[in-house]
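Data first, discussion second: the structure below is written as structure tokens.
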Amino acid sequence: MLQVKASTGLVALLGYPVEHSLSPLMQNAAFAATGLDLVYLAFAVTPSGLPAALAGLKALGFRGANITVPHKEAVIKYLDAIDPAAARIGAVNTIVNNDGRLTGYNTDASGFLRSLQEAGFNPAGKKAVILGAGGAARAVAFAVAGAGCAGLTIANRTLERAGHLAAALAGLSPPVKACTLEEEELRPRVEEADLVVNATSAGMAPMEGAVPLPAAWLNAGQWVYDLVYNPLETKLLREARQRGCRVISGLGMLLYQGAAAFTLWTGKAAPVEVMGEVLRKAIQDSHAAKSAPSEG
Ligand code: NAP
């Protein structure tokens, strides 16, 4: 059982909103499993409150923090230093406080790559299509490009945003194509891809019925990764699996970005089995609660 003492170190989650985040459960389980005297707390911080919250991390001696939507890009200008990989991506999801000096990191990209490689896919020399151009898509695009993919397409509902991400990747990867989600543009790209990543919110609870593209465009043997982790198997992954694709859920990225952040704060290897189990149970419980008949 968690014992908060006068000596207990603090780690924060800053976002808006934060109440649905699974990170407090995952990180507190990790601190407990490794016997660390640390506690992880979530704070709903509005955009205008962000500078004061960061000053508060310093003033109160927090060990570090996670940063989530909508602050991952805005936080950069308030930090004392930024890791080069996070600077290239243009987004920070983890902060370490070294004696009042805040350094920003991006563990979304490394977490995505670790989960992809663990599943058995190496992006080097492969063609990838990323659906979406928001914060998560940025991390995924830089991860895949940095791992040496042979071709990259960024497809987004809003073409302009896809174009900005493609431009940011210039020099890091082979030419990047930006397009919309329309069949005429996207289908040929999907059909020749080795890896298709959904980095849009389509399919995320409560929009479980939504898919970012029709499964009919997918072929057996392709890899399909859905960043959405709630539900654990999205409609896209279910349909892709039925067509013979190899599928990966967003749980691995969530787990490994958290594991990398844990190591940055503590200098220790993260207890990934414990953390993964906590996440899986929390997601399954939330589904069981939704499908249970309501009382009264
Ligand atoms: P974001 O910055 O708000 O971007 C959302 C993206 O989804 C944009 O590209 C947006 O297109 C697109 N989109 C939204 N609704 C859509 C729809 N109905 N049809 C097609 N495209 C749609 O959000 P984010 O932070 O990148 O997160 C994106 C997803 O990744 C979320 O589901 C999030 O839960 C998940 N995620 C997972 C992890 C993990 O660890 N597994 C980590 C981060 C994020 P427009 O630009 O046209 O609006």
Side-chain angles (χ1 to χ4, degrees), residues 13 15-23 25-27 47 66-75 86 89-94 106-116 118-119 129-143 153-166 168 178-183 185-186 190 196-214 224-237 247-262 272 275-276 279-280 282-283 286:
L13 170 67
Y16 195 79
V18 287
E19 58 264 28
H20 300 301
S21 172
L22 298 176
S23 291
L25 274 178
M26 171 171 66
Q27 297 293 358
N66 274 144
I67 303 296
T68 190
V69 175
H71 304 313
K72 287 184 185 182
E73 292 166 43
V75 73
I89 296 167
V92 159
N93 77 324
T94 301
N106 188 305
T107 68
D108 283 334
S110 58
F112 171 78
L113 208 53
R114 182 172 170 188
S115 64
L116 192 58
E118 191 189 66
V129 170
I130 297 171
L131 310 169
R138 282 190 83 83
V140 167
F142 277 88
T153 300
I154 311 289
N156 196 42
R157 192 172 58 176
T158 311
L159 180 61
E160 193 186 7
R161 215 170 168 197
H164 285 150
L165 177 50
C179 68
T180 66
L181 301 174
E182 296 303 318
E183 178 167 7
E185 287 186 89
L186 181 56
V190 167
V196 177
V197 181
N198 176 34
T200 76
S201 322
M204 185 172 72
M207 301 178 298
E208 283 104 331
V211 283
L213 53 72
V224 179
Y225 192 130
D226 199 334
L227 259 56
V228 173
Y229 51 79
N230 189 3
L232 282 172
E233 186 173 69
T234 58
K235 185 176 178 194
L236 173 68
L237 289 193
V247 299
I248 312 174
S249 97
L251 186 80
M253 177 174 173
L254 181 67
L255 169 62
Y256 289 129
Q257 64 76 29
F262 175 99
V272 288
M275 295 164 83
L279 288 178
R280 231 167 272 119
I283 294 167
S286 82

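Ligands are counted one by one from 1 in listed order, and the atoms in each one are counted from 1 as well. Any value given below was found using the heavy atoms of this structure, including those in side chains, with hydrogens, waters and symmetry copies removed.
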Step-by-step side-chain contact (heavy atoms from CB on, under 4.5 Å) determination, Tyr229 to Leu279: CA-CA 10 Å; Tyr229 51 79; Leu279 288 178; over 6 Å; no

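- Here the protein heavy atom with the shortest distance to atom 42 (C) of ligand 1 is Met253 CE, 3.9 Å.
- Contact of the Leu165 side chain with the Phe142 side chain is registered, since non-hydrogen atoms from C-beta on lie closer than 4.5 Å.
- Ala210 does not count as a contact of ligand 1, since none of its heavy atoms falls under 4.0 Å from the ligand.
- Under a cut-off of 6.0 angstrom, the local environment of CD in Glu182 is sparse, with at most 12 non-hydrogen atoms contributed by other residues, nucleotides or ligands.
- Contact record, Ile89 with Arg138: O-NE, 2.8 Å, taken as the closest heavy-atom pair.
- For Leu227, a nitrogen or oxygen atom sits less than 3.5 Å from a nitrogen or oxygen atom of ligand 1, counting backbone and side chain alike.
- Side-chain contact between Tyr256 and Ser110 is absent, with no heavy atoms from C-beta onward closer than 4.5 Å.
- Contact detail for Pro212 and Ala202: the closest heavy-atom pair is N-CB, 4.0 Å.
- Counting only heavy atoms, the protein gets under 4.0 Å from atom 46 (O) of ligand 1.
- Polar contact check, Gln257 against ligand 1: no nitrogen or oxygen pair lies under 3.5 Å apart.
- At a 4.0 Å heavy-atom cut-off, ligand 1 touches Asn156 through the side chain alone.
- When each of Leu232, Leu236, Asn230 is tested with Thr234 by the rule side chain to side chain contact (heavy atoms under 4.5 Å, CB included), just one qualifies, namely Leu236.
- Set against the non-hydrogen atoms of Gly134, the atoms of ligand 1 under 4.0 Å away are 2 (O), 4 (O), 9 (O), 26 (O).
- Atom numbering of ligand 1 starts at 1 in the shown order; those under 4.0 Å from a heavy atom of Leu254 are 39 (C), 40 (O), 41 (N).
- The atoms of ligand 1 that sit less than 4.0 Å from any heavy atom of Gly135 are 2 (O), 26 (O).
- Heavy-atom proximity to Ala136, at under 4.0 Å, picks out these atoms of ligand 1: 24 (P), 25 (O), 26 (O), 27 (O), 30 (O), 43 (C), 44 (C).
- Of all non-hydrogen atoms in Leu25 and Ala282, the two that sit nearest each other are CD1-CB, 3.8 Å.
- Annotation for Ala91 and Asn106: closest pair O-ND2, 3.0 Å, computed over non-hydrogen atoms.
- Under a 4.0 angstrom heavy-atom cut-off, Leu181 registers as being in contact with ligand 1.
- Counting only distance, with no hydrogens or angles, the side chain of Gln27 and the backbone of Gly258 share a donor-acceptor pair below 3.5 Å.
- Interface atoms of ligand 1 facing Gly250, defined by a heavy-atom separation under 4.0 Å, are 39 (C), 41 (N).
- Shown are Asn156, Leu186, Val197; of these, the side chain to side chain contact (heavy atoms under 4.5 Å, CB included) with Leu131 is made only by Leu186.
- Atoms of ligand 1 lying under 4.0 Å from at least one heavy atom of Met204, given by number and element, are 31 (C), 32 (O), 34 (O).
- Using a 4.0 Å cutoff on heavy atoms, Ala199 counts as a contact of ligand 1.
- Within a 4.0 Å radius of atom 23 (O) of ligand 1, the protein contributes no heavy atom.
- For atom 8 (C) of ligand 1, the nearest non-hydrogen atom of the protein is Arg161 NH1, 3.5 Å.
- Atom 12 (C) of ligand 1 has as its closest protein heavy atom Thr200 CB, 3.7 Å.
- In terms of modelled atom types and a separation under 3.5 Å, the side chain of Asn66 and the main chain of Asn93 share a donor-acceptor contact.
- An N or O contact shorter than 3.5 Å is missing between Tyr229 and ligand 1 by distance.
- The contact set between ligand 1 and Gly132, taken as ligand atoms under 4.0 Å from a residue heavy atom, comprises 9 (O).
- Atom CD of Glu160 sits in a sparse spot, with 12 or fewer heavy atoms from other residues, nucleotides or ligands closer than 6.0 Å.
- Atoms of ligand 1 lying under 4.0 Å from any heavy atom of Val228, numbered from 1 in the order shown and given with element: 32 (O).
- Considering Leu22, Val69, Thr234 only, the shortest heavy-atom separation from atom 25 (O) of ligand 1 involves Val69.
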Step-by-step side-chain contact (heavy atoms from CB on, under 4.5 Å) determination, Leu255 to Ser115: CA-CA 9 Å; Leu255 169 62; Ser115 64; over 6 Å; no

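- Ser201 OG, 3.7 Å is the protein heavy atom nearest to atom 5 (C) of ligand 1.
- The shortest contact between atom 17 (C) of ligand 1 and any protein heavy atom is with Arg157 NH1, 3.4 Å.
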